[in-house]
Number of protein chains: 2
Amino acid sequence: MKKKRTTIKDIATVLNISPAAVSKALHDDSRISTKTKDAVKRVAKELNYQPNHLASALRKGKSNLVGVIVPRTSSNFFSSVIQNIEEVLNKEGYNIIITQSNESFKKECRNIDTLLFTQVDGIIASMANETVDLSYYEKIKSKGIPLVLFDRGENDLNVDYIGINDYDSSFMIVEHLISKGCKRIAHIGGFRHTRIFNNRIRGYIDAIHAHNLPHEDALLVESSLTLEDGRLKMQELLALENPPDAVYIAGDYAALGALQLLKEQGISVPNDICLVGFGNEPFTSLVTPTITSINQHSAQIGQLAAETFLKRVKMDTVKQTLNKIILDAELIERDSSQKK
Amino acid sequence: MKKKRTTIKDIATVLNISPAAVSKALHDDSRISTKTKDAVKRVAKELNYQPNHLASALRKGKSNLVGVIVPRTSSNFFSSVIQNIEEVLNKEGYNIIITQSNESFKKECRNIDTLLFTQVDGIIASMANETVDLSYYEKIKSKGIPLVLFDRGENDLNVDYIGINDYDSSFMIVEHLISKGCKRIAHIGGFRHTRIFNNRIRGYIDAIHAHNLPHEDALLVESSLTLEDGRLKMQELLALENPPDAVYIAGDYAALGALQLLKEQGISVPNDICLVGFGNEPFTSLVTPTITSINQHSAQIGQLAAETFLKRVKMDTVKQTLNKIILDAELIERDSSQKK
DNA sequence: TATATTTGCTTAAACGTTTAAGCAAAAGTA
DNA sequence: TACTTTTGCTTAAACGTTTAAGCAAATATA
């Protein structure tokens, strides 16, 4: 009892021409007369013809689908990147399949398999925190489809990458804190094995050295950067016999956790301790005090990632090369670092 | 120079059997000997065979893709629903395509077209705020594929729906505020044309009447429930000559906006005004004071939506029927309504 | 032993589209 | 007029799978 879809063949039958002519008419082939084209389009509309995407994808060898992998969609950064990827790709006739890894390496592998299985024409991804083994990403490359990374990337893969200048951002943050009179600046960073977090750590250390401030091991801690871990690591810093007067935290969620803890302990931010986050999540401007943070240009990153993908599919050499686009980040000064 | 994928035919050639036998062997058909099956699977692995999903989808008339439409992925509620939909469907061999409407009717229509074009086997959706015209949703139904709505649904479509009991939730909130001694309870609700928001408004009004409290038109305002609009509508309520001593806001983001404004104006929450939100977004437990809210059971809604879809595809009658699953919501009491 | 059933495969068509190749008719050129 | 080119289509194969139908050999049943 299921309704049959109208196919190209149905249109051909009505007009008494070949299916091939119909297909060409619908694609505005120059070898089809205007008269026939008009007739085909009219009948197509009448019969409510909807092209079968699977058939054309199979025949043409491309699905016009692009896979997107992000650690999670709930962060504003990622959802904004996705939205911008979508806008750019939709215009070119691509649709996107969004998957989340939830920062899990295993889930990320499953996602990659899923996307490859679905015959996507390319993958745009930001890697999970856990990911160290790159073999699944090599699998994508070996398929000969473009792979574009953003934010959480990896040089060793030799593919396109779009991100911000993490090293400079860190430097900027530390100098900002110094300009506010801070003398003992701690850093709650991400895991060193992730390139971006390592860069932030390097930026922090170099800035500290450049300004002849004390660089103590105890002032630099690694964290998963979840809200809970932010609290925990803050507590550790407070427990030091000589606690910091400023803390720069490599993720806004962790910064929020740290801020909560400080407030609970009756420590004034920014007067006792200045605090800076990273990512410019919307809540940074909503909490009290508002949190100074780094704007990562999510919209631009999304657009560039999509455009980079498009560039790659258009040049149909299989070979990928390392190609990094690094944007300058922007410090958004808010109350949490405005020591009076 | 592109690598050729291995196909079923390649395996057949190696083993000198027919492609049909290979296909059956891979699907564990009972009419294929164990010996052949083993051989096929061995060669498949050796040649790194990856089934061409497009071909099988075309042949079988189903894509094993399910489309998901949400207003936005950045809200924790929706991203949690999506994650749970994904988990359930992945187990059954389905993959999902996530699209966001950004609360825009036009974008939602485009998303629907996109999904239908991609030949999804079904759509699970939560409607945009703007959506009143249901013709695009009728289009999905007319394709004969299952449509499952959640949270933002519409009875008139006569399809499956999963949501919480909005009316009862409102009632519960009002009674909670009354129990805390509040006497003038205002409601910043969503747009009435959206069924769930209308139900919340009805629950509010009925609860007010049931307890013989004053129901003034000025105490009930409609809002887009964005953070900004929450501020705005709160300001309106404060401007009344007789302002409320409690406000129940139908969305957490708007509640956050309202809370910000109250703090800026030096009005103590909960002592001067009690405040209750809706949705139990993570930040409700992070801000000061923490915000009393309603837990919408996002995980369960996601699972149920996916299971409902699966049930529908399994019973292959085209006819859909109105089938509502309503979960009881849960009030999470926090500081913003604990008047001392 | 003769017949029926089961096993294990093969053949061929189908899903709906695209496209290379081909061909007759019309139009252009010398 | 005789040739070439262009126009406007058709034919047929292809994309990689699945599956209905069929068939010979092996096995079971009477």
Side-chain angles (χ1 to χ4, degrees), chain A residues 2-41 43-44 47-65 93 116-121 143-144, chain B residues 2-41 43-44 47-65 93 116-121 143-144:
Chain A
K2 289 223 177 190
K3 264 195 212 157
K4 284 289 284 177
R5 307 168 54 102
T6 17
T7 71
I8 258 185
K9 230 173 171 173
D10 299 328
I11 302 177
T13 312
V14 169
L15 293 172
N16 204 26
I17 55 176
S18 71
V22 174
S23 171
K24 286 177 181 163
L26 291 171
H27 290 90
D28 272 325
D29 190 294
S30 62
R31 298 285 285 272
I32 299 292
S33 68
T34 334
K35 204 177 125 193
T36 307
K37 280 183 193 168
D38 291 348
V40 165
K41 285 173 188 166
V43 175
L47 299 184
N48 188 28
Y49 168 73
Q50 304 282 130
N52 185 323
H53 167 255
L54 294 172
S56 82
L58 173 61
R59 176 59 231 247
K60 297 204 288 195
K62 64 189 303 250
S63 64
N64 274 43
L65 290 173
L116 293 178
F117 174 75
T118 317
Q119 316 277 117
V120 293
D121 290 342
K143 290 277 174 217
Chain B
K2 289 226 177 187
K3 265 197 211 156
K4 283 291 283 177
R5 309 168 53 103
T6 22
T7 70
I8 258 184
K9 229 174 173 172
D10 300 328
I11 302 177
T13 312
V14 170
L15 293 171
N16 203 26
I17 56 176
S18 72
V22 174
S23 170
K24 286 176 182 163
L26 291 171
H27 290 90
D28 272 327
D29 189 296
S30 62
R31 298 286 285 273
I32 300 290
S33 67
T34 334
K35 204 177 126 192
T36 308
K37 280 183 192 168
D38 290 348
V40 165
K41 285 172 188 167
V43 175
L47 300 183
N48 187 28
Y49 168 72
Q50 305 281 131
N52 185 323
H53 167 254
L54 294 173
S56 83
L58 174 61
R59 177 58 231 245
K60 296 204 288 195
K62 64 189 304 248
S63 63
N64 272 44
L65 291 173
L116 294 178
F117 174 75
T118 317
Q119 316 276 118
V120 293
D121 290 343
K143 289 276 174 219

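Chain identifiers are assigned alphabetically (A, B, ...) following the order of the sequence lines, protein sequences preceding nucleic acid strands; residue numbering begins at 1 within each chain.
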Starting at [atom1] of [X] and ending at [atom2] of [N], how long is that distance when rounded to a whole Å?
{"X": "A:Asn64", "N": "C:dT18", "atom1": "CG", "atom2": "P", "result": "11 Å"}
{"X": "A:Arg5", "N": "C:dT17", "atom1": "CZ", "atom2": "C1'", "result": "12 Å"}
{"X": "A:Lys60", "N": "C:dA20", "atom1": "NZ", "atom2": "C1'", "result": "16 Å"}
{"X": "B:Lys37", "N": "C:dT7", "atom1": "NZ", "atom2": "P", "result": "11 Å"}
{"X": "A:Phe117", "N": "D:dG16", "atom1": "CZ", "atom2": "P", "result": "15 Å"}

Closest contact, heavy atoms only, [X] versus [Y]:
{"X": "B:Ala12", "Y": "B:Pro19", "answer": "CB-N, 3.7 Å"}
{"X": "A:Asn52", "Y": "B:Leu58", "answer": "ND2-CD1, 4.0 Å"}
{"X": "B:Gly93", "Y": "B:Asn64", "answer": "O-ND2, 3.0 Å"}

Donor-acceptor under 3.5 Å ([X] side chain, [Y] main chain):
{"X": "A:His53", "Y": "B:Gln119", "result": "no"}
{"X": "B:Ser63", "Y": "B:Ala57", "result": "no"}
{"X": "A:Arg5", "Y": "A:Tyr49", "result": "no"}

Considering only side-chain heavy atoms of B:Ala21, which listed nucleotide, C:dT10, D:dT10, D:dT18, is closest? C:dT10
Among pairs that include at least one residue of residues 20-29 of chain A, which meet salt bridge (charged side-chain N to carboxylate O under 4.0 Å, His left out), considering only residues two or more places apart or in two chains? A:Asp28-A:Lys37, A:Asp28-A:Lys41
Under 3.5 Å, N/O pairs linking protein and nucleotides 24-26 of chain C:
none

Side chain to side chain, [X] and [Y], heavy atoms closer than 4.5 Å:
{"X": "B:Thr6", "Y": "B:Gln50", "answer": "no"}
{"X": "A:Thr36", "Y": "A:Val22", "answer": "no"}
{"X": "B:Val14", "Y": "B:Leu47", "answer": "yes"}
{"X": "A:Asp121", "Y": "A:Leu65", "answer": "no"}
{"X": "A:Ile17", "Y": "A:Val40", "answer": "yes"}

A:Thr7 meets the side-chain contact (heavy atoms from CB on, under 4.5 Å) criterion, sequence neighbours left out, with A:Lys9, A:Asp10
Mind checking if B:Thr7 touches a base, just sugar-phosphate, or nothing, with heavy atoms under 4.0 Å? sugar-phosphate
Stretch residues 8-15 of chain A: residues that reach within less than 4.0 Å of DNA chain C through a heavy atom: A:Ile8
Using a strict heavy-atom distance below 4.0 Å, which residues from residues 47-59 of chain B are in contact with DNA chain C? B:Leu58, B:Arg59
Report yes if a side-chain nitrogen or oxygen of B:Ser23 is closer than 4.0 Å to either non-bridging phosphate oxygen (OP1 or OP2) of D:dT18; otherwise report no. yes
At less than 4.0 Å, is any side-chain N or O atom of A:Thr36 found next to OP1 or OP2 of D:dG8? Yes or no. no
Kindly compute the distance separating CD1 (B:Ile8) from OG (B:Ser56), expressed to the nearest 0.5 Å. 9.0 Å
Sorted by number, the residues of residues 24-35 of chain A with heavy-atom contact under 4.0 Å to DNA chain D: A:Lys24, A:Arg31, A:Ile32, A:Ser33
